[in-house]
Amino acid sequence: MEQICMQSIKTTENNAFQTENHSSIEGWARPLLIMIPYMIFAGIFQMVSYIILGLDPLNDQFEQTPLQSLVISTFTLLGTFVIIGIFRHSIDKENFRSLGFYSTGIQKELIFGLSLGAFILSLGFVFLILTNKIRWVGIILEPDNFLFGFLLFISVAVGEELFMRGYILSNLMLSMNRMVALLVSSVFFSLMHIFNANFSWISFWNILFAGILLGLPYIYTKSLWLPIALHFSWNFFQGTIFGFNVSGHVTYSLINQTRSVDNLWNGGSFGFEGSILSVVLQVIAIGGLWWYYSNRTKITSEPTTTIDIPFL
């Protein structure tokens with residue numbers, strides 16, 4: 001009886017946030033239309049943050065402090081919310097929350113996403129330590145920078161997932177098969193990083209698989225909570241905890257580690273996402289998620305945000 005009542009509540013909530021789509025623009029065309037406005041808005045908001053910080057907007061050849069990175073990322077996130085809000089209302093003719101901010105299943109999805117990211121990065125870190133691909137130097141505890149790193153990666157995760165999965169992937173799914181849409185959005189997600197420092201062919205594949213890993217739960221649940229949690233956890237443990245560069249960016253880290261030589265196992269200067277090990281672990285995780293969702297979740301046209309976790 002309790003399950004029936006809960007299902008009724010979920011169905012009612014999902015229907016409440018679904019609106020009839022009167023947009024005359026095809027789903028595949030909307031991601032193309034938003035690209036230039038997105039870059040303009042993100043650029044304007046970033047420029048404002050540079051001015052507030054007293055930095056030269058035309059000079060990005062400097063190492064940002066954790067606080068500076070947080071401020072710039074926060075303003076970029078604000079720009080992302082603004083432009084997507086405009087497009088969601090004017091172009092998509094849909095409400096903002098239907099991008100994936102549903103209220104059911106939040107706790108379980110957040111815990112699962114956080115746990116999965118932490119597990120993958122911890123497993124990779126331990127393996128690289130035990131095989132002498134990296135070396136533990138010590139611990140550097142800087143509470144302020146630790147907090148800034150925590151908040152920074154929340155901002156990055158929310159912004160990138162809102163744009164890539166919430167807007168790009170969700171609209172692509174209106175025009176093509178879910179799996180095709182997932183692949184297309186993942187390729188684009190990887191291409192967005194090509195100008196990052198030390199980007200390479202292995203980095204391309206790593207971030208492409210990251211796009212699949214982050215997008216796979218979304219195509220089944222239409223919820224952003226798990227992708228956001230996983231994205232945050234991956235970056236936070238990769239950079240702030242274990243001391244890898246994050247997609248080529250140097251960040252403050254609690255653990256100080258060194259590499260005797262840069263190679264395809266430790267990822268070199270690009271970070272863990274530049275390693276073969278990252279590819280292997282992501283492929284395994286993708287396989288596990290695909291098995292779970294394809295066997296336990298029925299794909300419907302309505303968003304469902306529940307995930308059964310045995311220990312919860």
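Fair warning: this is a prediction, and the values are worked out from it, not measured in the lab.
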Q. Taking S247 as the fixed residue, which of E273, H193, Q238 is the one that meets the side-chain hydrogen bond (donor to acceptor under 3.5 Å, both in side chains) rule?
A. E273
(Q) To the nearest 0.5 Å, what is the distance between CG on L289 and CG on L216? (A) 5.5 Å
Q. Would F81 and I86 show up in the same hydrophobic cluster when neighbours are defined by side-chain heavy atoms closer than 4.5 Å?
A. yes
Q. Under 4.5 Å between any side-chain heavy atoms of F236 and L114, yes or no?
A. no
**Q.** Closest non-hydrogen atom pair between S122 and F242, with its separation
**A.** OG-CZ, 3.5 Å
Q.
Quick one: does any side-chain atom of R259 pair with a main-chain N or O of I134 as donor and acceptor, under 3.5 Å?
A. no
Q | Contacts of type side chain to side chain contact (heavy atoms under 4.5 Å, CB included), residue H249, not counting sequence neighbours | A | N196
Q.
Within the 4.5 Å heavy-atom criterion, are L152 and P66 side-chain neighbours or not?
A. no
**Q.** Residues Q257, L128; criterion side-chain contact (heavy atoms from CB on, under 4.5 Å); working and verdict
**A.** CA-CA 11 Å; Q257 55 140 298; L128 292 174; over 6 Å; no
Q.
With clusters defined by side-chain heavy atoms of hydrophobic residues (ILVMFWY) lying less than 4.5 Å apart, directly or transitively, does L53 cluster with I51?
A. no
Q. Is there a donor-acceptor contact under 3.5 Å from the side chain of S233 to the main chain of A118?
A. yes
(Q) If you compare all heavy atoms of S203 against all heavy atoms of S190, which two are closest, and at what distance to 0.1 Å? (A) O-OG, 4.4 Å
Q: Verify side-chain contact (heavy atoms from CB on, under 4.5 Å) between M192 and F163, making sure each step is shown before the conclusion.
A: CA-CA 12 Å; M192 285 182 64; F163 182 65; 4.3 Å; yes
Less than 3.5 Å apart, which donor and acceptor atoms pair up between the side chains of residues 276-288 and the rest of the protein, not counting sequence neighbours?
residue : atom : partner : partner atom : Å
S278    : OG   : N206    : OD1          : 2.6
S278    : OG   : Q282    : NE2          : 3.3
Q282    : OE1  : A210    : N            : 3.0
Q282    : NE2  : N206    : O            : 3.1
Q282    : NE2  : N206    : OD1          : 3.1

Q.
Contact between V71 and F75 at the side-chain level, heavy atoms closer than 4.5 Å - yes or no?
A. yes
(Q) Tell me if a side-chain donor or acceptor on R30 pairs with a main-chain N or O of I25 at a distance below 3.5 Å. (A) yes
Q: Kindly give the cluster partners of V250, where membership spreads through any ILVMFWY side chain lying under 4.5 Å from a current member.
A: none
Q.
Tell me if a side-chain donor or acceptor on S185 pairs with a main-chain N or O of A181 at a distance below 3.5 Å.
A. yes
Q) Roughly how far, to the nearest 0.5 Å, is OG of S69 from CZ of F153? A) 8.5 Å
Q | G166 versus L224, closest heavy-atom pair with distance | A | N-CD2, 3.6 Å
Q. Do F244 and S253 come within less than 4.5 Å of each other through their side chains, counting heavy atoms only?
A. no
Q: Look only at the side chain of S175 and the backbone of L172, and say whether a donor-acceptor pair between them is shorter than 3.5 Å.
A: no
Q. How are the rings of F87 and Y167 set to each other: parallel, tilted or perpendicular (split at 30° and 60°)?
A. perpendicular
Q: Could you tell me the separation between the CZ atom of F232 and the CD1 atom of I154, rounded to the nearest 0.5 Å?
A: 5.0 Å
Q. Of all heavy-atom pairs between S186 and G211, which one has the smallest distance, and what is that distance?
A. OG-C, 3.1 Å
Q: Measure from the side-chain N and O atoms of N171 to the backbone N and O of L174, and report whether any donor-acceptor pair falls under 3.5 Å.
A: no
**Q.** Student check: side-chain heavy atoms of Y220 and W290 closer than 4.5 Å
**A.** yes
Q. With sequence neighbours left out, what residues match E161 under salt bridge (Lys or Arg N to Asp or Glu O under 4.0 Å)?
A. R165
(Q) If we ignore hydrogens and angles and just use 3.5 Å, is the side chain of R178 paired with the main-chain N or O of I219 as donor and acceptor? (A) yes
Q: Measure the spacing between CE of M164 and CZ of F188 and express it to the nearest 0.5 Å.
A: 5.5 Å
Q. If Ile, Leu, Val, Met, Phe, Trp and Tyr residues are connected whenever their side-chain heavy atoms lie under 4.5 Å apart, and connections chain through other members, are I194 and W205 in the same group?
A. yes
Q: Would you please test N245 and F270 for side-chain contact (heavy atoms from CB on, under 4.5 Å) and show each step?
A: CA-CA 6 Å; N245 289 352; F270 193 77; over 6 Å; no
Q) Can you check whether G159's main-chain N or O pairs, donor with acceptor, with T80's side chain at less than 3.5 Å? A) no
**Q.** Distance, nearest 0.5 Å, that separates CD of Q64 from CG of L55
**A.** 7.5 Å
**Q.** Min side-chain heavy-atom separation L191-F204 under 4.5 Å
**A.** yes
For a quick test of your reading: what N or O donor-acceptor pairs under 3.5 Å do the side chains of residues 137-145 make, sequence neighbours left out?
residue : atom : partner : partner atom : Å
E142    : OE1  : N145    : ND2          : 2.4

Q) Should F195 and V156 be counted in the same cluster of Ile, Leu, Val, Met, Phe, Trp and Tyr side chains packed under 4.5 Å apart? A) yes
Q | S170 side chain reached by Y218 side chain, heavy atoms, under 4.5 Å | A | yes
Q: Before giving the answer on side-chain contact (heavy atoms from CB on, under 4.5 Å), spell out for T240 and F150 the whole-Å C-alpha distance, their side-chain angles and the decisive distance to 0.1 Å.
A: CA-CA 7 Å; T240 306; F150 179 83; over 6 Å; no
Q) For the atom pair CG (L169) and CZ (F189), what is the distance rounded to the nearest 0.5 Å? A) 11.5 Å
Please table the atom pairs, donor to acceptor, closer than 3.5 Å between any side-chain atom in residues 33-49 and protein atoms at least two apart or in another chain.
residue : atom : partner : partner atom : Å
Q46     : NE2  : T76     : OG1          : 3.1
S49     : OG   : Q46     : O            : 2.5

Q: Check the hydrophobic clustering (I, L, V, M, F, W, Y; side-chain heavy atoms under 4.5 Å; chains of links allowed) and say if I72 and I52 are grouped together.
A: yes
Q) Any chance the rings of F272 and F125 have centres within less than 6.0 Å? A) no
